[in-house]
Protein chains: 2
Amino acid sequence: MTELEKGPQGARRGRGARERILSASQQLFPDQGINCTGVDQLCAVAEVSKRTLYQHFTGKDELIAEYLRRFDPDIMPGVFDRADLSPRERLLAVFDIHSSLCPFLRTSVELQDPGHAARILARDHKLAFARRLTEAAREAGATDPERLGEQLALLLDGASVRSRVLDADTFATAAAIASILVDNAIPTA
Amino acid sequence: MTELEKGPQGARRGRGARERILSASQQLFPDQGINCTGVDQLCAVAEVSKRTLYQHFTGKDELIAEYLRRFDPDIMPGVFDRADLSPRERLLAVFDIHSSLCPFLRTSVELQDPGHAARILARDHKLAFARRLTEAAREAGATDPERLGEQLALLLDGASVRSRVLDADTFATAAAIASILVDNAIPTA
DNA sequence: AGCTAAGTACACCGATCGGTACCGATTGGG
DNA sequence: CCCAATCGGTACCGATCGGTGTACTTAGCT
């Protein structure tokens, strides 16, 4: 009766194999990296046969792309639309997320082919994210919202990759910079 | 039989194999990544037999570490010691280097083991680099040199990794931020 | 000369990679 | 009830990975 999710291959009554595979990807890729995670291990964790995986995805490359696509819709869920915060606070709230290495950055570094679908997705994601920051900056009354958005995006990526190499929390530093930038970019602040 | 001597091996520059291996590493690792560069290809480019490589290095891991160690001594050659620049200009001159993805960042992302010698080296390098920035900030008269040094280091790493994913020059953005930070950190500016 | 260290060439190893073929069990819809 | 599609298990494929063993050739130094 309830029509479940529709797969490209017509998984009409899918037993959830596709979901389990994606779930396993989201569990293994961030921890072990993409290149260091084999298809066999992916199947083992997902409790899925290898054959099933290749019925849902043409190959590992497509799986990686779909794995990234899952992150896209919920960019920073509940940050940009918090009504309890002032526009300025909303700009800085992004830095409260003490995250690990951003999956899009990791993918862009690990994959070599610049034309790989996943790297295109990563690029699009970063552009979209900067756009959302720009939008928030405009609402906050920044004189040059686009510039401020790009600046804040760079701070986030810097903190993300730097936390990886230093094994320390670098988001506080980024937040401090962001605070200065916001103050400088918004008149009557 | 005194047949021809197996090709033009007579003029082989027998010595200096280690140097050629390291040179090949510096040529291949940045372009193809570390995990995607095999030992065989490394040997081919270095014009070195596989046996020779393993006589100079215990394994690929040690080669990676030594490859990184080569970058260490010449951090930003001729930037921190330019007498023709004011201390403030010296702080900002670092951002004129429109570099590609920092090898230390790339290594930290590609290698999974946090205890890998190369990742320790990368961490040490980043700490040392921030220290040099801190020193330069102190000479420039910053009120909190350590803080400014860490901030500038984060900006550089952010620009580096962001240039990778966006395939664009992001160092101008970082330089603009740096200029603001420096102005804010140095009194009587 | 003659010895030794360094380098080369090439075959080889076990492990793992991404990906495929086949087969039997399960399951839902007509 | 039967058909067709999905799924799991498993063995398998060729390629490549990092790393080794062996035998031969060279360069440098007394």
Side-chain angles (χ1 to χ4, degrees), chain A residues 1-25 28-29 32-67 110-113 116-118, chain B residues 1-25 28-29 32-67 110-113 116-118:
Chain A
M1 30 184 69
T2 63
E3 195 169 357
L4 293 196
E5 87 287 346
K6 73 258 185 233
Q9 311 287 35
R12 55 162 172 216
R13 180 62 177 88
R15 313 243 340 122
R18 185 185 177 93
E19 285 309 310
R20 291 207 305 275
I21 295 172
L22 270 311
S23 176
S25 302
L28 293 178
F29 282 158
Q32 306 185 347
I34 296 177
N35 287 330
C36 297
T37 301
V39 181
D40 295 281
Q41 188 185 4
L42 234 14
C43 291
V45 172
E47 288 178 309
V48 154
S49 92
K50 230 173 163 185
R51 170 113 169 118
T52 303
L53 189 148
Y54 283 99
Q55 276 170 349
H56 284 282
F57 307 95
T58 65
K60 191 185 180 185
D61 289 332
E62 187 180 301
L63 172 59
I64 298 171
E66 192 60 30
Y67 151 76
E110 284 206 65
L111 303 184
Q112 291 310 311
D113 179 13
H116 194 294
Chain B
M1 304 292 197
T2 70
E3 211 175 328
L4 48 98
E5 318 299 331
K6 304 205 59 121
Q9 310 299 5
R12 269 288 167 267
R13 49 263 191 210
R15 314 281 300 283
R18 185 185 178 92
E19 286 308 312
R20 293 207 305 276
I21 296 172
L22 270 311
S23 176
S25 302
L28 293 178
F29 283 159
Q32 307 185 346
I34 297 176
N35 287 330
C36 297
T37 301
V39 181
D40 295 281
Q41 187 185 4
L42 235 13
C43 291
V45 172
E47 288 179 307
V48 155
S49 96
K50 224 170 165 186
R51 209 69 190 86
T52 303
L53 189 147
Y54 283 98
Q55 277 169 353
H56 284 283
F57 307 95
T58 65
K60 191 186 180 185
D61 289 331
E62 186 180 302
L63 173 58
I64 299 171
E66 192 59 30
Y67 150 76
E110 283 205 67
L111 303 184
Q112 290 313 311
D113 179 13
H116 194 294

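Lettering follows sequence order; numbering is per chain, from 1.
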Subject >> Over all atoms of both residues, closest heavy-atom pair of B:Leu53 and B:Ile21 >> reply: CA-CD1, 3.7 Å
When only distance counts, do a donor and an acceptor, one from the side chain of [X] and one from the base of [N], lie under 3.5 Å apart?
X       : N      : value
A:Ser49 : D:dG8  : yes
B:Arg51 : D:dG21 : yes
B:Lys60 : D:dG19 : no

Original post:
Does B:His56 have a side-chain nitrogen or oxygen under 4.0 Å from the phosphate oxygens OP1 or OP2 of C:dG7?
Top reply: yes
Could you state the [atom1]-[atom2] distance from [X] to [N], rounded to the nearest angstrom?
X        : N      : atom1 : atom2 : value
A:Tyr54  : D:dG8  : OH    : P     : 15 Å
B:Gln55  : C:dT4  : CD    : C1'   : 14 Å
B:Glu62  : D:dG19 : CD    : P     : 11 Å
A:Leu53  : C:dT20 : CG    : C1'   : 13 Å
B:Ile34  : D:dG18 : CD1   : C1'   : 15 Å
A:Glu47  : D:dT10 : CD    : P     : 14 Å
B:Arg18  : C:dT8  : CZ    : P     : 15 Å
A:His116 : C:dG18 : NE2   : C1'   : 13 Å

Subject >> Qualifying residue for side chain to side chain contact (heavy atoms under 4.5 Å, CB included) with A:Val48, from A:Arg20, A:Gln55, A:His56 >> reply: A:Arg20
From the list [options], which nucleotide is the closest neighbour of the side chain of [X]?
X       : options               : result
A:Arg20 : D:dC7, D:dG18, C:dG19 : D:dC7
A:Ala17 : C:dT8, C:dT20, D:dC7  : D:dC7
B:Thr52 : C:dG19, C:dG7, D:dG8  : C:dG7

Original post:
Got more than 12 heavy atoms from elsewhere within 6.0 Å of CD, A:Glu47?
Top reply: no
Could you state the interatomic distance from [atom1] ([X]) to [atom2] ([Y]), rounded to the nearest 0.5 Å?
X       : Y       : atom1 : atom2 : answer
B:Gln32 : B:Leu42 : CD    : CG    : 9.0 Å
B:Asn35 : B:Lys60 : CG    : NZ    : 6.0 Å
B:Ile34 : B:Leu28 : CD1   : CG    : 11.5 Å

Subject >> Residues in contact with DNA chain D, drawn from residues 35-43 of chain A - heavy-atom cutoff 4.0 Å >> reply: none
Original post:
Residues in side chain to side chain contact (heavy atoms under 4.5 Å, CB included) with B:Ser23, at least two apart?
Top reply: none
